[in-house]
Amino acid sequence: MKKLLYLLIILPLSACFDADLSLTVHDSETATMSANMTMGPELIQMIASSGQDPCEDGVGVQNADGSYSCLVEETDTIDNLIAKIEEEEANAGAAGSVNPNTGVTIERMEGGLIRLSFDLLEIKRNASETGMDPAMLGAFQSAMTGHGIQMSIRAKEIISTNGSLSEDGTVAMFGIPLPALLDPAAQLPDSFETVVRPD
């Protein structure tokens, strides 16, 4: 999960992909983080040429159309997930390296509530620093039409969210079309934040 989120942050937007990221709070103690990323042939070749395994921590599937899907799921106690994120943040800071956990924040709040967020700031910043000329940028935006990043947070009750809310009030959703990442005029928040009541 963390490595896939890290890929979303550092990937040059020169190939199309689709990503479904979800965080499910089962109760006050347990949660599941899930990431399902489908990458086009060009992106797979780019990652393979760097010597990296695009699905080291998950289950990868080569699709008939040449794309590649990677599903990563991690179920753990909420406190363990929080501790892992904090530990890797501290280690990354000490080493002066990039934090592979960038992207997810879990925080316990008063009254038994839990705040969950997906960081969009680094993804937006990376997209804005492509250095492409306007003509090439337009071509990439057209090629990316129909592709995007979908995020969802599930819990017994959603208290607040800056995304859209399901009719039953248990799922908060936020979607980013890939072309919007390359559009300076696109109005995207710095994070997708949701506060939930776990049980």
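What you are looking at is a predicted structure, and each value in this text was computed from that prediction instead of being measured.
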Subject >> Residue pair T105, E193: steps toward the side-chain contact (heavy atoms from CB on, under 4.5 Å) verdict >> reply: CA-CA 9 Å; T105 300; E193 296 191 2; over 6 Å; no
Subject >> Check against side-chain contact (heavy atoms from CB on, under 4.5 Å), I82 and I106 >> reply: CA-CA 6 Å; I82 292 173; I106 305 173; 3.8 Å; yes
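Under a hydrophobic clustering in which Ile, Leu, Val, Met, Phe, Trp and Tyr are joined whenever their side-chain heavy atoms come within less than 4.5 Å, directly or via other members, M109 and I159 fall into the same cluster. Criterion: ILVMFWY side-chain heavy atoms under 4.5 Å apart, direct or through other members. Under it, F174 and F17 are part of a common hydrophobic cluster. Hydrophobic clustering places Y68 together with L21 (ILVMFWY residues linked when any side-chain heavy atoms are closer than 4.5 Å, directly or through intermediates). Linking ILVMFWY side-chain heavy atoms closer than 4.5 Å, directly or via other members, places M33 and L116 in a single hydrophobic cluster.
Atoms CG and OG1, from L113 and T194 in turn, are 12.5 Å apart once rounded to the nearest 0.5 Å. If you take CD on E86 and CG on L81, they are separated by 11.5 Å, rounding to the nearest 0.5 Å. Note that CG of N36 is 6.0 Å distant from OG of S69, once rounded to the nearest 0.5 Å. The structure places CG of D76 at 9.5 Å from OG1 of T32, a figure rounded to the nearest 0.5 Å. To the nearest 0.5 angstrom, E74 atom CD is 11.0 Å from S34 atom OG.
Side-chain atoms of I149 and M151, non-hydrogen and from C-beta on, do get closer than 4.5 Å to each other. Looking at F118 and V104, their side chains come closer than 4.5 Å, going by heavy atoms from C-beta outward. Residues I78 and T30 are not in side-chain contact: their nearest non-hydrogen atoms beyond the backbone lie 4.5 Å or more apart.
Residues P41 and G66 approach most closely at CG-O, 3.5 Å, considering heavy atoms. Contact between V196 and A155 at its shortest, heavy atoms only, is CB-CB, 3.5 Å. The heavy-atom pair separating R197 from G111 by the smallest distance is NH1-O, 4.3 Å. Among all heavy-atom pairs drawn from M173 and L165, the shortest one is CE-C, 4.2 Å. In terms of heavy atoms, I158 sits closest to I153 at CD1-O, 3.8 Å. Taking each heavy atom of G58 and V72 in turn, the nearest pair found is CA-CG2, 3.7 Å.
R154 and S152 share a side-chain donor-acceptor pair at under 3.5 Å. In this structure, a donor-acceptor pair under 3.5 Å is present between the side chains of S166 and D168.
Remark: the backbone N or O of G163 is paired with a side-chain donor or acceptor of T161 at under 3.5 angstrom. Side-chain atoms of D18 never come within 3.5 Å of backbone atoms of M37 as a donor-acceptor pair (strictly under, hydrogens ignored). With S191 contributing its side chain and D119 its backbone, the two residues share no donor-acceptor pair below 3.5 Å. With T77 contributing its side chain and E29 its backbone, the two residues share no donor-acceptor pair below 3.5 Å. Side-chain atoms of N63 never come within 3.5 Å of backbone atoms of D65 as a donor-acceptor pair (strictly under, hydrogens ignored). A donor-acceptor contact shorter than 3.5 Å is absent between the side chain of E107 and the backbone of I114. D199 contributes a side-chain N or O that, together with a main-chain N or O of S28, makes up a donor-acceptor pair within less than 3.5 Å.
Salt bridge annotation for D27-K156: absent, with no cationic side-chain nitrogen under 4.0 angstrom from a carboxylate oxygen.
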